[in-house]
Colleague: 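Before anything else, here's the structure in question.
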Amino acid sequence: MDKNKKLVLIDGHSILNRAFYGLPDLTTSKGEHTNAVLGFLNIMFKILEEEKPDYLAVAFDTSHPTFRHEMFAEYKGTRKGMPDELREQVPVMKEVLKAMHVSVIEKPGFEADDVLGTLATKAEKEGNLVSLVSGDRDLLQLASEKIKIRIPKTKRTGTEIEDYLAQDVLDRYQVTPKQFIDLKGLMGDPSDNIPGVPGIGEKTAGKLIGTYQSIENIYEHLNEMAPGKVTNSLKENQDKAFLSKELATICTDCELDFKMEDAKIGNLYNEEVYLWFKKLEFKNLLSKFQTEEVTLTTGIEEGFTTVEDLAEADKIFGMMDEKVAHPVGLHLIVEEDSIIGLSLCNSEENVYYIRCTDFITQDYLREKANKLAKGYLVSVIGLKELLPYLAFSEKDNVFDASIAAYLLNPVTDTYHYDDIARDYLALTLPSREDLLGKAYLSKAAQENPTAFLSYACYSAYVAYRSAERLRDLLYRSEMLHLFETVEMPLIYTLYDMEVRGIRVDKEDLKVYGDHLETGILSLEKQIYEQVGESFNINSPKQLGVILFEKLRLPFAKKTKTGYSTSADILEKLQSEHPVVAMILEYRQLTKLKSTYADGLAGYIREDGRIHGRFHQTITATGRISSTDPNLQNIPIRMELGRQIRRVFIPEEGYVFLDADYSQIELRVLAHMSEDEKLINAYKEAKDIHRITASEVFHTPFEEVTPAQRSSAKAVNFGIVYGISSFGLGQDLNISRKEAQMYIEKYFETYPKIKAYLDKLVADAKEEGYSTTLFGRRRPIPELSSSNFMQRSFGERVAMNSPIQGTAADIIKIAMIRVNQKLKELKMRSRLILQVHDELLVETHKEEVAEVSKIMVEEMQGAAELMVPLEAEVKEGKNWLEAK
DNA sequence: GGCTTCACG
DNA sequence: ACGTACGTGAAGCCT
């Protein structure tokens, strides 16, 4: 090795360990744990960027150093060794490093410490600078003027690194690096199986080394020392002391056949590494490849062709019509509400981007595309987003690959062409952002035509190639029926709802907002007066300081960043100070003002309506979600908040009909658990919370108090959520023990429910996923976690998902049917909203009776359960009245 | 961009 | 000893 070069050495297991415990349990969409690998790489990249070294090597132990420790722990009955989630990441880490051509050193018979010590010392002697990266302070003994020990700490704000040259060790610990060995020899270290001298801890060891410098010197001067416990123990344990020192010493002259040149840093960002990062779903790290990205192609792009000639386009559409056995992949390129091009694919070689020109008009493309779907299977990615430009309908032969991919794995966040290619075609494609950045499409088309063509064609290509495979996977996992009869038709229903939107009275909304504003200003003034100073009430940080430091209110509970000021804490503090109630009210008002009054106003379009979006591929359970704005969380529980519903109004000549299911989740539970008592209760249309209260509290049905009923209601909710005594206790503000009693009584009352919930967990553990009545699946990798919290979470999810998911399946069926029926009967009334167990239909005044009947029939008839499904319809001239 | 809080089912 | 109810989305603060 040349002089004056920089070498970075990494203590593999130690950093992997740090990363594992420092980061949350991240997994890929397939459930493989990746947090340790990601954390390791983040630390490594940070150091490489800082230091720009010439050489890099990572040392791993060949057997895990805490082996004995593990055996001991096993004996005690608690497994404390390397958790499985970490263990499975070790080989992955080594593979990734190998792909980066980073030298990985594993020498049987040598611990990583000794390898690191030897290499560092050797490099130093040859006149180089060394950085030794480890989470383990034992390595501090190696610090010198040229060997820097770097200890990374994973904090909330990112990774911070503590650096130690010899002088830093002295400053911080008042001992030299060499004396660190003696210190440890005296103190011992149970995790490393170093016994040390009994009775000597950190303090005494520090004093002794401060005075005598080394263990050898201590024993030379032992007779000069004042008699006492410490001196006695030293005398009795001389063997142990010297053995401990030996054990604590890191070898710096091991016989290693290692050539430093092997550790020379090459190209870390090569294609193999790119594939690894894609596989591990390290989206942020992929940005490091940005420069190489464009050249990173798979060869398929050679077959992509741009078409700008009308006759040519005609020929291609004709050709798409020929191959009837296979699907046609189709995608639209759209900008500012107009089509700028259309891509098509019906074989690996035939991939075309047909650009809109003076002759190839939007209408032409639209017509050709519509015709295609009348005859042959057209496969697309993200159908709902294409519907504004196409006239596809339920009757056409269309396959949405993103919806299929969602059913097969609902816990991923996106289902773009690159995600589908990665998961189902084992193909790594650059994403839209990889190719085009954040540029406008037409701009990108001019500036980077090659990348643009790739982007334009990938969706059609992936839609074409993945369709049959996805369909087969759906079939094999028994979800094809759900896909074809529920999810595909639902796309059109949701699209209809988005187009229709909901009418909002802009003026009324303004009045409501002004009313809130008045209240907020008044409360603000009162709060500042009460406290004696003005501050930002919206800042939990500032509020916490005011409440718990300035006013010294009790029950301060800490969050990660400061005091918790959440509503449930403040509620308990109301009697302590009058300002607390004001703050609670202030919170309520500002929430209503910013999120609802002001927030909704910004979404009202020219037509006086809000056209929110409904998402079908977001939730893990199968529910729909709503954004821009979220119309599924409009206030209702509190009086002031629910008043905002008055501003949601129907068109002239129309009214609202709002129908909601009565306790659909508990009814689903009754059906799925087959618990006779619960089933009978519903058959007899009894008040279920009251019955539960009567049974749990051993009180005659007629004598149940409102408080008892309310507690029983909380228990019923808890059951659906995957009950835990802690959660129930929290909700009811009672002790965990009491909550546990309620739960036990509940299970005594409904014995089959207990058995059923247990079975849900057991089955999910066995299969790795939970299943709804209609076959919808949700993977639950947490069930196999060794972490108690994680596993418990998985168990609650296993109990909740089939219930919540089945209810979601049912209302999806109902909304498709209601929407279709209204359309079939050519009615003017239209479905405009879904809120999980509720449907809102903007109903023509002449159609009220008929629509009401349709809603009840379709909702109640959406599934045949062992208990009746009940839906209650209400009419109103605004959304509040209809509730 | 993460955290906290809070709106709904 | 640990420390959470299940599923979402939006706003505001703060680093």
Side-chain angles (χ1 to χ4, degrees), chain A residues 24 78 155-158 284 410-411 535-544 557 559-570 583-584 586-600 602-603 612-615 618-638 640-642 644-645 660-661 663-665 714-715 717-732 736 739 743 770 778 780 782 787-805 807-808 811 833-838 883:
Chain A
T78 52
K155 289 192 172 167
R156 272 180 293 104
T157 47
N284 290 337
V411 287
F535 64 102
N536 188 346
I537 311 168
N538 282 322
S539 161
K541 198 177 155 193
Q542 294 181 37
L543 181 61
K557 199 176 122 189
T559 64
K560 279 172 201 163
T561 48
Y563 301 105
S564 171
T565 65
S566 62
D568 58 327
I569 303 255
L570 295 191
I583 290 166
L584 281 168
Y586 174 89
R587 279 252 180 93
Q588 217 182 91
L589 264 56
T590 50
K591 176 87 177 181
L592 292 172
K593 178 85 163 62
S594 65
T595 306
Y596 299 103
D598 298 347
L600 289 175
Y603 286 103
R613 303 169 57 196
F614 293 98
H615 304 277
I618 300 295
T619 69
T621 53
R623 275 187 174 182
I624 285 161
S625 87
S626 160
T627 65
D628 309 307
N630 183 353
L631 292 169
Q632 291 180 323
N633 74 344
I634 303 300
I636 190 156
R637 293 175 191 166
M638 304 290 280
L640 181 62
R642 69 186 294 159
I644 200 171
R645 292 186 173 229
D660 63 348
Y661 280 114
Q663 295 159 353
I664 185 168
E665 290 181 340
V715 178
F717 269 106
I719 294 294
V720 171
Y721 290 158
I723 197 98
S724 81
S725 55
F726 183 91
L728 181 65
Q730 186 114 51
D731 189 49
L732 287 176
R736 237 183 67 178
I743 295 169
S770 66
R778 168 182 182 168
I780 314 178
E782 293 90 347
N787 177 307
F788 173 78
M789 288 298 303
Q790 295 263 349
R791 200 171 55 250
S792 303
F793 172 75
E795 288 167 359
R796 292 195 295 274
V797 165
M799 295 187 253
N800 170 265
S801 297
I803 301 172
Q804 191 183 115
I811 194 160
L833 279 186
Q834 186 255 41
V835 193
H836 308 309
D837 65 351
E838 166 193 1
K883 287 295 299 179

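Proteins get letters first, then strands, A, B, ... in listed order; numbering begins at 1 in each. Fair warning: this is a prediction, and the values are worked out from it, not measured in the lab.
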Colleague: With P as the reference atom in both, quote the distance from B:dC3 to C:dT4 in angstrom, rounded to an integer.
Modeller: 14 Å
Colleague: Considering only C:dG3, B:dT5, C:dG9, which nucleotide approaches the side chain of A:Thr565 most closely?
Modeller: B:dT5
Colleague: Counting just side-chain N and O atoms, does A:Ser725 come under 4.0 Å of either OP1 or OP2 of C:dA5?
Modeller: no
Colleague: Does A:Gln542 put a side-chain nitrogen or oxygen below 4.0 Å from OP1 or OP2 of C:dC14?
Modeller: yes
Colleague: Using a 4.0 Å heavy-atom cut-off across all strands, classify A:Leu728 as base, sugar-phosphate, or nothing.
Modeller: base
Colleague: Using the P atom as the reference point in each nucleotide, state the distance between B:dC6 and C:dA5 in Å, no decimals.
Modeller: 14 Å
Colleague: Taking atom types as they are modelled, is there a donor-acceptor pair under 3.5 Å from the base of B:dC6 to the side chain of A:Lys591?
Modeller: yes
Colleague: For the pair made of CZ in A:Phe726 and C1' in C:dA1, what is the distance, rounded to whole Å?
Modeller: 14 Å
Colleague: Go ahead and name the base partner of C:dA1; Watson-Crick or wobble counts if both distances stay under 3.5 Å, otherwise write none.
Modeller: none
Colleague: Could you check which nucleotide pairs with B:dG2 in any of the strands shown, counting Watson-Crick or G-U wobble with both distances under 3.5 Å?
Modeller: C:dC13
Colleague: Taking the side chain of A:Ser594 as its heavy atoms from C-beta onward, which of C:dC14, C:dG12, C:dG7 lies nearest to it?
Modeller: C:dG12
Colleague: How close or far is atom P of B:dC6 from atom CD1 of A:Ile537, stated in whole angstroms?
Modeller: 14 Å
Colleague: Nearest nucleotide by nearest heavy atom, which residue falls closer to the 5' end of DNA chain C, A:Pro629 or A:Arg623?
Modeller: A:Arg623
Colleague: Rounded to whole angstroms, how far apart are CG on A:Leu631 and C1' on C:dT8?
Modeller: 13 Å
Colleague: Does A:Phe793 reach a base, just sugar-phosphate, or nothing at all? Heavy atoms under 4.0 Å.
Modeller: sugar-phosphate
Colleague: Can you measure A:Ile644 atom CD1 to B:dC8 atom C1' for me and round it to whole angstrom units?
Modeller: 13 Å
Colleague: Within the distance-only criterion (no hydrogens, no angle test), does the side chain of A:Arg623 pair as donor or acceptor with the backbone N or O of A:Gln804 below 3.5 angstrom?
Modeller: no
Colleague: Do the side chain of A:Ser724 and the base of C:dT4 come within less than 3.5 angstrom through a donor-acceptor pair of N or O atoms?
Modeller: yes
Colleague: Nearest to the A:Arg778 side chain among C:dT4, C:dG7, C:dG9, which nucleotide is it?
Modeller: C:dG7
Colleague: Whole angstroms only, please: what is the NZ-P distance between A:Lys593 and B:dA7?
Modeller: 17 Å
Colleague: Say you draw a straight line from CD1 of A:Ile537 to CG of A:Leu543; how long is it, rounded to the nearest 0.5 Å?
Modeller: 8.0 Å
Colleague: Hey, does the side-chain of A:Arg587 have a donor or acceptor N/O within less than 3.5 Å of a partner on the base of B:dT5?
Modeller: no
Colleague: Taking CG from A:Leu570 and P from B:dT4, how many angstroms apart are they, rounded to a whole number?
Modeller: 15 Å
Colleague: If only side-chain N and O atoms of A:Ser539 are considered, is one of them under 4.0 Å from the OP1 or OP2 phosphate oxygen of C:dC14?
Modeller: yes
Colleague: Does a nitrogen or oxygen in the side chain of A:Arg796 sit under 4.0 Å from OP1 or OP2 of C:dC6?
Modeller: yes
Colleague: Measure from CD1 on A:Ile624 to P on C:dG9 and round the result to the nearest Å.
Modeller: 12 Å
Colleague: Counting the atoms with a prime plus P, OP1 and OP2 as sugar-phosphate, which does A:Arg736 contact under 4.0 Å by heavy atoms, base, sugar-phosphate, or nothing?
Modeller: base
Colleague: Where the side chain of A:Gln588 is concerned, which of C:dA10, B:dA7, B:dT5 is the nearest nucleotide?
Modeller: B:dA7
Colleague: Ignoring backbone atoms, test whether A:Asn536 places a side-chain nitrogen or oxygen under 4.0 Å from the OP1 or OP2 oxygen of C:dG12.
Modeller: no
Colleague: What is the distance from CD1 of A:Ile618 to P of C:dG9, rounded to the nearest Å?
Modeller: 6 Å
Colleague: Answer with base, sugar-phosphate or nothing: what part of the nucleic acid does A:Arg637 contact at a heavy-atom distance below 4.0 Å?
Modeller: base
Colleague: Which nucleotide, C:dG7, C:dG9, B:dC8, lies nearest any side-chain atom of A:Ile636?
Modeller: B:dC8
Colleague: Taking 4.0 Å as the cut-off, does a side-chain nitrogen or oxygen of A:Thr619 come that near to OP1 or OP2 on C:dT8?
Modeller: no
